[in-house]
Amino acid sequence: MTTFNFRVASEDDLDFISRLSARVFSKYGTYDEIVLGWLQEPEVITVIIAADTKPLGFAMVTLQRENWFEPRRAHLLAIGIFPKQQRKGIGTALLEHMEEIARKYGAAEMLLWTAVDNQQALSFFHNADFHIVGSADRYYPRGQAALALAKELF
Ligand SMILES: CC(C)(COP(=O)(O)OP(=O)(O)OC[C@H]1O[C@@H](n2cnc3c(N)ncnc32)[C@H](O)[C@@H]1OP(=O)(O)O)[C@@H](O)C(=O)NCCC(=O)NCCS
């Protein structure tokens, strides 16, 4: 059985993240560039899931705090698994790892946006106990609508 490992993304992962984003997110916008911009932001945590050293996917989360007296809310900015490696439980392992990071920072909830037409992502997040909490027309740079999903972490 393959065992996965997790590591915080480094400079060496930029090419992998950009290529994978182009592959799985370009329908929605120039995410190969957008994601690299997020990667540079200090509040964004980017994690690579790998088999040995071979990267299989990545995810990005921010941990926002609107007021000092309120718990943080985790915002999952992106999660992507290399197409040949999809549907093997790798996305679930990575999502659970990101939820664990969010809990460690005290986040009570995880939020994300995903496209209305992204059936695989909607099934994936539904399977992981996320529920729909909102929607936005023309959310993506290429004009697609999105759904907001949320999950309580405690
Ligand atoms: C969404 C994504 C991250 C899921 O990763 P994954 O490793 O393939 O997911 P898993 O194998 O852990 O799947 C867990 C469950 O999610 C659901 N699921 C995942 N992919 C699915 C698909 N293509 N069709 C239907 N259900 C799917 C199933 O319930 C699956 O359980 P099962 O295989 O036992 O039936 C991956 O498909 C991906 O990278 N997609 C492109 C990028 C993207 O859309 N990201 C999400 C928006 S940011």
Side-chain angles (χ1 to χ4, degrees), residues 4 6 8-9 13-14 16-49 55-154:
F4 306 123
F6 303 95
V8 173
D13 299 306
L14 294 183
F16 170 74
I17 291 171
S18 177
R19 276 190 299 114
L20 177 51
S21 299
R23 190 84 182 265
V24 297
F25 300 130
S26 60
K27 180 180 173 188
Y28 303 106
T30 54
Y31 279 92
D32 50 333
E33 292 166 15
I34 294 168
V35 161
L36 291 187
W38 291 340
L39 194 70
Q40 308 301 329
E41 294 182 17
E43 71 273 21
V44 175
I45 300 170
T46 304
V47 173
I48 300 286
I49 186 167
L56 306 172
F58 77 94
M60 294 177 149
V61 71
T62 62
L63 293 136
Q64 300 153 342
R65 191 200 287 278
E66 273 160 34
N67 294 298
W68 64 267
F69 51 85
E70 285 181 8
R72 289 177 196 274
R73 296 205 302 180
H75 184 181
L76 190 77
L77 297 173
I79 181 166
I81 302 298
F82 209 75
K84 275 192 188 153
Q85 303 292 343
Q86 289 177 9
R87 214 67 198 265
K88 296 179 183 176
I90 301 169
T92 300
L94 180 56
L95 180 59
E96 286 174 358
H97 185 79
M98 301 312 281
E99 290 174 6
E100 205 45 51
I101 290 174
R103 277 190 204 94
K104 279 190 188 146
Y105 278 86
E109 190 179 27
M110 182 172 275
L111 300 161
L112 61 93
W113 289 94
T114 198
V116 170
D117 70 2
N118 193 346
Q119 274 310 321
Q120 69 180 25
L122 289 170
S123 298
F124 172 70
F125 291 120
H126 178 72
N127 182 68
D129 296 329
F130 281 80
H131 56 276
I132 296 170
V133 292
S135 63
D137 293 337
R138 299 191 60 79
Y139 176 84
Y140 290 99
R142 296 206 203 285
Q144 295 94 337
L147 294 171
L149 307 183
K151 174 180 181 174
E152 286 184 18
L153 296 177
F154 286 100

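Sequence positions, counted from 1, serve as the residue numbers for this chain.
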(request) Check F16 against L56 and note the closest heavy-atom contact, atom names and distance. (result) CZ-C, 3.7 Å

(message) Under the criterion side-chain contact (heavy atoms from CB on, under 4.5 Å), I'd like the reasoning laid out for L39 against M60: C-alpha separation, chi angles, the key distance, then a yes or no.
(response) CA-CA 8 Å; L39 194 70; M60 294 177 149; 3.6 Å; yes

(message) Rounded at 0.5 Å granularity, tell me how far CZ in F125 sits from CG in L76.
(response) 5.5 Å

(message) Taking ring-ring contact (aromatic ring centres under 6.0 Å, His included) as the definition, give me every residue that meets it alongside H97, ordered by chain and number, with sequence neighbours left out.
(response) F6

(request) Answer yes or no: is there a side-chain heavy-atom contact under 4.5 Å between I49 and I81? (result) yes

(request) Take Y140 and Y31 through the side-chain contact (heavy atoms from CB on, under 4.5 Å) test and state the conclusion after the steps. (result) CA-CA 10 Å; Y140 290 99; Y31 279 92; 3.3 Å; yes

(message) Measuring from atom CG of L149 to atom CG of D129, what distance do you get when rounded to the nearest 0.5 angstrom?
(response) 12.0 Å

(request) Hey, could you give me the OG1/CG distance between T62 and L77, rounded to the nearest 0.5 Å? (result) 5.0 Å

(request) Dump the intermediate steps for side-chain contact (heavy atoms from CB on, under 4.5 Å) on K151 and L95, then the final yes or no. (result) CA-CA 12 Å; K151 174 180 181 174; L95 180 59; 5.9 Å; no

(message) With heavy-atom distances below 4.5 Å as the criterion, would you say the side chains of I17 and R19 are in contact?
(response) no

(message) Would you say that S26 contacts D32 through its side chain, given a criterion of any heavy-atom pair below 4.5 Å between the two side chains?
(response) no

(request) Measure the spacing between CD of Q64 and CZ of R73 and express it to the nearest 0.5 Å. (result) 7.0 Å

(request) Specify the closest pair of heavy atoms between F124 and T92, including all atoms of both residues, with the distance to one decimal. (result) CE1-N, 3.5 Å

(request) Indicate the atoms forming the closest heavy-atom contact of A102 with L153, along with that distance. (result) CB-CD1, 3.7 Å

(request) Give a yes or no on whether E152 atom CD has more than 12 heavy-atom contacts from other residues, nucleotides or ligands under 6.0 Å away. (result) no

(request) Provide the closest heavy-atom pair for S135 versus W113 in the form atom of the first, atom of the second, distance. (result) C-CZ3, 3.9 Å

(request) Before giving the answer on side-chain contact (heavy atoms from CB on, under 4.5 Å), spell out for L36 and I34 the whole-Å C-alpha distance, their side-chain angles and the decisive distance to 0.1 Å. (result) CA-CA 5 Å; L36 291 187; I34 294 168; over 6 Å; no

(message) With rounding to the nearest 0.5 angstrom, report the CG to CG distance, L147 to L112.
(response) 10.0 Å

(request) List in chain and number order the residues that pass side chain to side chain contact (heavy atoms under 4.5 Å, CB included) with R72, two or more places apart in sequence or in another chain; answer none if no residue qualifies. (result) L63, R65, Y105, A107

(message) Taking NE2 in H131 as the centre, count heavy atoms belonging to other residues, nucleotides or ligands within less than 6.0 Å. Is the count above 12?
(response) yes

(message) Just verifying a value: how many Å separate R138 CZ and Q144 CD, rounded to the nearest 0.5 Å?
(response) 9.0 Å

(request) Work out which heavy atom in D137 is nearest to a heavy atom in A145; give both atom names and the distance. (result) CA-CB, 4.2 Å

(request) Taking all non-hydrogen atoms of both residues into account, name the closest pair between F4 and A93 and its distance. (result) CD1-CB, 4.2 Å

